[in-house]
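Inspection log for the structure reproduced underneath, given as structure tokens.
What you see is a predicted model, and the numbers here were worked out from it, not measured in a lab.
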Amino acid sequence: MFRFAHPEFLYLLLILPVLFLFYVYIAKVRKRAIRKYGSPELLSALMPEASPKRRRLKYFILFVAITVVIFIIAGPQFGSKLETVKRQGIEVMICLDVSNSMLAQDITPNRLEKAKQMLSRLTDDLSNDKIGLIVFAGDAFTQIPITSDYISAKMFLSSINPSMVSTQGTAIGSAINLAMRSFTPNENSSKTIVLITDGENHEDNAVQAAAAAVEKGVKVNIVGIGSTKGTPIPLGNNGYMKDNAGNVVITQLNEAMCQEIVQAGQGLYVRADNTNSALKALQNELGKMAKSEVESQVYSEYDEQFPTLAWIVFVLLIAEFLTSERKNRLFRKVKLFS
């Protein structure tokens, strides 16, 4: 498996277009300077040893060398061995509501974005645990299978939106049932389900699904997100969602249903707002769970690849140094660069 030890340094690649534009600018300045003394065609006869192609070649070599140096700084590594590592942790299946009502802005910036921010910070707090992600609306789908790869999990979070599930609604029961099937089979680790939803359930028997999960030793926790006062659902055209009769749809957090599900699931109910209190309560709840042995597939050894790239840079810099901007008198008749 390939990775960069310091991927943040790859942002330095953004300077490459700037260097290219700078080269183009310098080339134009040079041409304007030559034109001040006369026609470039006539002046070229007075400078038989000048070679614009050699000058471009030197720049290209230097440009490639700078690119490779940036990759060296980022620390390229290859994983040489995949191992099954046993650690003390828990398994957490996150069920995230992506129905249209999650676009309501009664929480800043909106319910869905607040939930994604919370999950990102929750993932940062995990160490030896496994996490999985299910998105649901009128149907439920596995977005991230149970894994200890937190980087991939956070990467998928940014792309989540209501269009991922074509069937609208809030099928909480389906999400719980899918989560139960998504845990690592034959694994004795502590398991729990975390639902993040506004609780507008109109699809199935979520209470029954939560009770069934408890019978198998899995608690169901809920983070209720939204306001109980009600708010319209914004659309992309600066309007609001309306029903078939033309009335603006008002969505509100159904706390009564959330608490009913939690009671059956014997877990924690906490309401999210514009503070971090819900995240802290959830972190405390997960921290109380008994840690047990979980297995993870990881690349245990990474070989540094920068020496190879360093040699490439060394050769390129020597080539750039040895490449003159003028034609060699001894090889003037050799048309290698013209």
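Taking the side chain as every heavy atom from C-beta outward, Phe136 and Ile172 approach each other to under 4.5 Å.
Between the side chain of Tyr150 and the backbone N or O of Ser127, at least one donor-acceptor pair lies under 3.5 Å. Counting only distance, with no hydrogens or angles, the side chain of Ser159 and the backbone of Phe156 share a donor-acceptor pair below 3.5 Å. Lys191 places a side-chain N or O within donor-acceptor distance of the main-chain N or O of Ser189, the cut-off being under 3.5 Å. With hydrogens and angles ignored, the 3.5 Å screen pairs no side-chain donor or acceptor of Asn247 with any backbone N or O of Asp243. Between the side chain of Lys114 and the backbone N or O of Ile225 there is no donor-acceptor pair closer than 3.5 Å.
Atom CG of Leu316 is separated from atom CG of Leu62 by 9.5 Å, given to the nearest 0.5 angstrom.
A side-chain contact (heavy atoms from CB on, under 4.5 Å) with Ser101 is found for exactly one of Thr231, Leu112, Asp198, namely Asp198.
Listed here is the closest heavy atom pair of Ala175 and Leu195: CB-CD2, 4.4 Å. Taking all atoms of both residues into account, the shortest heavy-atom contact from Ala213 to Ile176 is CB-CG2, 4.4 Å. Of all heavy-atom pairs between Gln105 and Pro109, the closest is CG-O, 3.6 Å.
Applying the side chain to side chain donor-acceptor pair (under 3.5 Å) test to pairs two or more places apart or on separate chains, those with a residue in residues 261-273 are Glu255-Tyr269, Asp273-Thr275.
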